[in-house]
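The next block holds one structure in the form of structure tokens; read it before the comments.
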Amino acid sequence: MAASPALESSASLDSPPSLELSDSFEEFRRAASIDAITRLAREVLLDPTYPTVRAWTRAGRGAVGCFPVYTPQELIHSMGLLPVSLHGGGESVEISHADAPLGSFLCSISKSTLELAMTGLMAPFRAFVFPYICDVSRNLEGIFSRAVPNATTHMLHLPQNFQSKASVPFLVAEYRRLIAKLEKAGGEPYRPERLVESIELFNRQRAEIAQLTATQRAEPGKLTLTESYLIRRLGGLLPREVHLELLGRVRKELGARPNRRKDAIRVLLVGSFCEQPTLDLIDLIEQVGCYVVDDELLQLHRWYDRVEPSGDPLENLAATYVRSPVDIGVRAAPTTKAAAIRQRVDAADAQGVIFLTAKFCEPALEDVVLYRKALDERKIPYLHLEFEERSAAYEQSRLQLETFVESILFD
Amino acid sequence: MTLVAGVDIGSTTAKCALLEAGEVVGKSLAPVGVELVKDAERALEQALAEAGRERREVAVVTGTGYGRFKVKFGQFAVTEIGCHAKGAHYLFPATHLVLDIGGQDTKAIKVDAQGEVVDFAMNDKCAAGTGRFLDVCAAALGYDVSEIGTLSQGARRPVKVTNTCTVFAESEVTSYVARGKDPRDILAGLYAGIVSRSLSLMQRVGVEPEVTFTGGVSKNEGMVRTLEQRLGFKVNVSPLSQYVGAIGAALYGLERTEGTSA
Amino acid sequence: MITCGLDLGAGTTKGVLLEDGRTLLTSGLVPTRGNPVEAGRTVLERMVEDINLLPDEVDYLCTTGGARYTYPDRHLQVSDITASGRGAVFLFPNTRHVVDIGNQSSRAMSVTETGRVVRFKMNEKCAAGAGRFVDRCAKYLQVPLDEMAPKALTAAHPKTISSVCAVLAETEIINNVAEEVPLPDILMGVFLSLAQRAYILMRNVGIQPEVSLVGGLVQSEAMVRALEQTAHVTINADRRAQHAAAIGAAMLGYARLQKLGTRPTPLPAAVA
Amino acid sequence: MAAAKPEPAFLTTARDRQREMVEQYYSDLASAGGPKRPVAYMLVGGNLTEIVRSFGFEVVFPEIVALNCAIKHVSLPNILHAESQGYGLDVCGYVKNDLGLQELGGQTPFGRIPPPDLLVCSFSGCYVYVKWWEALAEKYGCPLFMLDVPYMRDAEPQAEDIQYLVTQLNEFIALLEKITGRSFDLAELRKTLARSRKAEQGWVDYLASGKHRPSPIEAYFEAVFYMFPINVLRGTDVAADFYATVNEEVRARIAEGHYPVPEEKFRLVVEGVPPYPSYRTFWDFFRKWGAVSVAATYPKVGGLFDRGFLHDPARPLESIAEYSLGAYVNQSWPLRRQIIGEYIRDFEADAVLIHGIKSCRSFTAGQGDLRDRLIHDHGIPTLYIESDHEDPRYFAPAQIKNRMDAFFESLDRRRGSVPLPVVNA
Ligand SMILES: Nc1ncnc2c1ncn2[C@@H]1O[C@H](COP(=O)(O)OP(=O)(O)O)[C@@H](O)[C@H]1O
Ligand SMILES: Nc1ncnc2c1ncn2[C@@H]1O[C@H](COP(=O)(O)OP(=O)(O)O)[C@@H](O)[C@H]1O
Ligand code: SF4
Ligand code: SF4
Ligand code: SF4
């Protein structure tokens, strides 16, 4: 359903004027403090017109939208393209086009991503990759191709059989299909040595982020979840080189920050691996008295610690994915669910678990039941909340979060 | 001259239109109660009284609306989707799209040059975004729904009504009132929400002028203006907009007696 | 020590005064009508008058309910789920499971012997499972709220309502009326529908005896019967249980006061 | 239309035979389980019935159990039980029916469903499969084999897809040998496949007869019943013989002019999973308008046999690999659109009806786009209706009827027929 020209895009109606960034991302290079970085990040997130992508493509460079949860962004990067993590439209986008082709009983990220495409806000992208993480993401690819007729769309089948000896070769073949499409879509020809360089760059980015989350766990009074989230979120929107520099500055500042402890409970945040909760909701969790000591937000940085750079890089990339230890709703893990959640609670020394799942996100919903059982057996308290992008009705969530905190703190 | 009647038993109101020689010569409107069969009869009688005509003069009665099968004395029953198309075409022959917002549902109907239904879409399951939604919210603001139409004029900062649920929206409105928000801003927020949901339905059949807005909610000027703003063009609204279904039904009956299909 | 609990709900505002966290001195209730602050103040005034106190003889005030943050003159606020749990155990000490059905929401929770909430589940998106639905039906069927239960209890073949929507359920009721379903059957159907929804929440939390019903619907004997029938358990019900959250808030206020050791300044003007 | 509701027409002998087969199947199952007659749970899409049967397993298809429960109006208690365990409102009804049923002990009106000894997850076209089997594995702790079936983006499978699948199939066979202590018998598998092929051919002939005018078959409501052998009993003689009976009866129908809809007025292509809990009511809404489904996508969830694929005993594992790719929901949207487009053309359809399932995203997400494209690209009237395949709470008869009446009314009008189809009832 092509956007009807007569209809104004709703995004342009109730969002602030779009943010203009310089081609070289000076703003981010100059942002010296965590405060300055997160302020900028907020502006970027509130702007549904992809300011970082517009800045990048203005100079004739290509960008590729990557739907969560996992895509081989190293590979895209190595072809001279900017891999951009798609995370829906956020609070400012009202759905008035995407409901019709897609349907009503679906997660917000799928709808608002399509809405952005149908209202022309995805024009700066040259290609889109949708991994088969769930039926929605998979189906979205077939619908998207019509909303962005000039862009290339690709559905990436990520293996779910991690035991077979054929999984890695299959994934390599999948990557080759992607390469062929990206080459046609204006990417530079695939060169293994370029991929090695990209792998090394991404390894460094992941190491920095691992440090950031380690701080969150060890010294939760140092860094708020919102700060950590915003810094990480930029990692999927900026050129990785720029983000890496920025992470270095964050690390230095954190070293000097005091660890201000408050009367809060340590919780594990589980379930928002694909669609991300709104900033307000993330804020709220801390406001009511939780330290989030481990979370599933922004999976792109945490599928593995590092990819081995030597040897055939494409095969290494595939093998690392197949052997990833990540245990989330969109990666088949029969019979290890219960053990996994308990182990994570222990590792993070958490007092409770908050399941924060996107409304209509079936992979997350189904896991919650298995996790709950495992937690019940160990009498670990938990809370399950569902969220949607546009719902700003936080009163219900606040009530439940407060009750949860009170039930652990009182007595 | 054939006198024909259309009786539209909706979820909220019962309407009747009497047509003769292409003119609406009588009409009636009353809330539906529990006995739909009686409501239907009453609707016809009141319209006849208004027109000063007799029951026996009526050649054909056609029922429509959710209660179309309750128009027991009628000869035919047609869905309100067909009737709104026909009625809108009769009032505005260049209509391509009908948006009907009644008490409990919203429909977008695409019509061809003859007033025949080409395609349609309806809201699913939820009462959100319908006339009932407005009734409830108006009451929460301390108004009757017929008074709120002009009230949103001059809204400056429309509030964001986030609840799509009628029942929860009501309490959201109440809490805005308690917080001292300007009723104009609250209404503007409500209209924006309903229009947005309606547009989503209209998208399903394709938006193409002319658009005719029918059903009880089209009597609300604020809604009309909000819709026009979002569409970027004017929409047709007739003073008879709430009777469009009944008029369409009457026209169907007329066709039948004349034995032709337009 | 006198502590006040104020439950600023969506439908009604309830208050209680407790002495030493143990003795219920008085209670009050007014409709909220969208203005919780005023409703809260009215309830407080009435209660103070009722037992001839001076306003500053109230040592501590704890709010709860949806508008707990909007009431300025408070020392503390707690969530109404936390509060209802405590209040239920106050009324029925052996309570392990609480069902709370108020004006706009229904919840089920499991509690410890002190009333601490262990697990809970609430209806989120739909208003169909709460008191507002009953109010609408009462209005539509023109039966005063208080007369609903006695009539409903005479039902021979209750007709439950299947629509998940409070608004669309009305249409279903219209149809039932049109089909001449006897009024008691329709009325009992309303309560049974509510009970079925509550039962899903209850099962989700896990039902353990004793079960207590709190919140406004406790006023209706038909609701209690419907719930017992649906959940196959005996249900503690006490008309005072509409005040459970207020009682719980006053208890938690008292606990806090004990912890502080001293009485804080008299009711502050604003503790926003 | 005041007359008593006529019974929907079935092929009577075939229908009786089908009933017997179903009864036999469930009564056999009731005593199955354990090392002698181990039970494997399998999914319809891309299932590996032939291989599993060749190792002596009895096969349970929880999807089919679920739909049987829904038709018999016993799905709701299972669903409610699953919800009380924490499964959300938006989780697929099949999953909730099954997991609720498992927790409640597996009792159904058609027999007890034994617990699994082996879980075979053919991940073909629905991610929920993966989640569902994870839950079963967690509950029963029995071995689970994951057959990862690549999603079909091109009309023809790629060589590496087949290779990936064949390797996995060999690994599966090795696992089965280990579990059962039996060795794999290729000759036996070839024989089984030959029987499958025969059944498949019969099924294809049945489906093709929808091309006749008027159609001697009801390709949605009726075909759903005749799907059972092609999915559950494939590889047995019973299945192969069954379709012979069916087709004989179809020929008799044509000869006698006895059609499922006495006066065929509208030929429909139907897309989507049926609303099983209200199956009869829904069917009545069609019949009353003289509408008959001549082709439907749903009966192809177990495989697109009608589009040229048949198991091939000469290429056993390769053809099983190809088969597993061919579940209808494993086809990308462009392919699904193409299939429907061809049905519209080949079966001379007047309209398309899409039935969306609230809790099934695999089938449903994107059906709105499909509807729009069918209207624009094929110029064919298309109606979209939504309810659920398992949960009776989501079937709103008045609303659905209203939409269907409006739709058929407008079709009727477009034919220029004299107005007023719905005479006062
Ligand atoms: N004067 C008015 N001004 C604004 N809205 C009105 C007015 N009269 C009726 N309405 C709205 O119209 C709705 C009823 O619309 P109608 O088309 O008659 O419904 P139905 O056909 O479903 O019974 C009411 O719920 C109300 O919101
Ligand atoms: N006698 C009664 N019969 C039935 N329902 C009643 C009766 N009295 C009160 N209620 C119900 O109780 C609800 C108010 O419950 P309450 O717990 O005070 O609400 P909240 O705290 O959410 O404001 C009313 O909406 C009404 O439906
Ligand atoms: S939020 Fe869940 S359902 Fe939606 S696309 Fe992501 S994984 Fe799929
Ligand atoms: S959300 Fe509200 S309006 Fe919608 S179905 Fe539920 S009660 Fe009705
Ligand atoms: S295809 Fe749909 S109905 Fe079937 S298991 Fe998957 S989600 Fe459920």
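Order of the sequence lines sets the chain letters (A, B, ...), proteins ahead of strands, with each chain counted from 1.
- A/H157 and D/Y151 get closest at one heavy-atom pair: ND1-N, 3.1 Å.
- The candidate with the highest count of non-hydrogen atom pairs below 4.5 Å against chain D, out of A/P169, A/G103, A/G329, is A/G329.
- With a 4.5 Å cut-off on side-chain heavy atoms, D/C126 and A/D135 count as touching.
- D/P334 approaches A/G142 most closely through the heavy-atom pair CD-CA, 4.4 Å.
- Sorted by first and then second residue, the salt bridge (charged side-chain N to carboxylate O under 4.0 Å, His left out) pairs with a member in residues 361-370 of chain A read A/K337-A/D367, A/E362-D/R361, A/D367-D/K131; sequence neighbours excluded.
- Residue contact with chain D, scored on non-hydrogen atoms closer than 4.5 Å, involves the backbone of A/I133 exclusively.
- Heavy atoms closer than 4.5 Å to chain D are found in both the backbone and the side chain of A/S167.
- Residue A/K373 touches chain D through its side chain alone, counting heavy-atom pairs closer than 4.5 Å.
- For the residue pair D/S362 and A/R138, a side-chain donor N or O sits within less than 3.5 Å of a side-chain acceptor on the partner.
- Heavy atoms of A/E141 lying under 4.5 Å from chain D are absent altogether.
- Per-residue counts of heavy-atom pairs under 4.5 Å with chain A were compared for D/K139, D/R153, D/E171, D/M146; the largest is that of D/R153.
- Considering only residues two or more places apart in sequence or on other chains, D/Y328 meets the ring-ring contact (aromatic ring centres under 6.0 Å, His included) condition with D/F363.
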- Task: Just do the ring-ring contact (aromatic ring centres under 6.0 Å, His included) check on A/F105 and D/Y394 with the steps written out, would you?
- Result: CA-CA 12 Å; A/F105 299 101; D/Y394 293 104; 7.1 Å; no
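- Residues of residues 163-170 of chain D lying within less than 4.5 angstrom of chain A, judged on heavy atoms, are D/Y164, D/T167, D/Q168 in numerical order.
- Taking 4.5 Å as the limit, every side-chain heavy atom of D/Q85 sits out of range of all side-chain heavy atoms of A/R372.
- At distances below 3.5 Å, not a single donor-acceptor pair connects side-chain atoms of A/N161 with backbone N or O atoms of D/D148.
- Listed by chain and residue number, nothing satisfies the ring-ring contact (aromatic ring centres under 6.0 Å, His included) test with D/Y276 (two or more places apart in sequence, or in another chain).
- In this structure the side chain of A/S104 reaches within 4.5 angstrom of the side chain of D/E386, judged on heavy atoms.
- Annotation: maximal heavy-atom pairing with chain A below 4.5 Å, among D/L147, D/L99, D/D161, D/L335, occurs at D/D161.
- If you measure heavy-atom distances from A/L158 to chain D, the contacts under 4.5 Å come from the backbone alone.
- Side-chain contact check for A/E174 versus D/E160: every heavy-atom pair is 4.5 Å or farther apart.
- Between D/W333 and A/N139, the closest side-chain pair of non-hydrogen atoms falls below 4.5 Å.
- In this structure, no portion of A/R176 lies under 4.5 Å from any heavy atom of chain D.
- Of the two parts of A/L370, only the side chain, counted from C-beta on, holds a non-hydrogen atom closer than 4.5 Å to a non-hydrogen atom of chain D.
- Nearest heavy-atom pair, A/A333 versus D/E134, reported as atom, atom and distance to 0.1 Å: N-OE2, 2.7 Å.
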- Could you go step by step and tell me if A/V368 and D/Y87 meet the side chain to side chain contact (heavy atoms under 4.5 Å, CB included) rule? CA-CA 8 Å; A/V368 168; D/Y87 285 98; over 6 Å; no
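- With a 4.5 Å cut-off on side-chain heavy atoms, A/E386 and D/D90 count as touching.
- For D/V91, the parts lying under 4.5 angstrom from a heavy atom of chain A are both the backbone and the side chain.
- D/F145 has its side chain out of reach of A/Q163: every pair of non-hydrogen atoms, C-beta onward, lies at least 4.5 Å apart.
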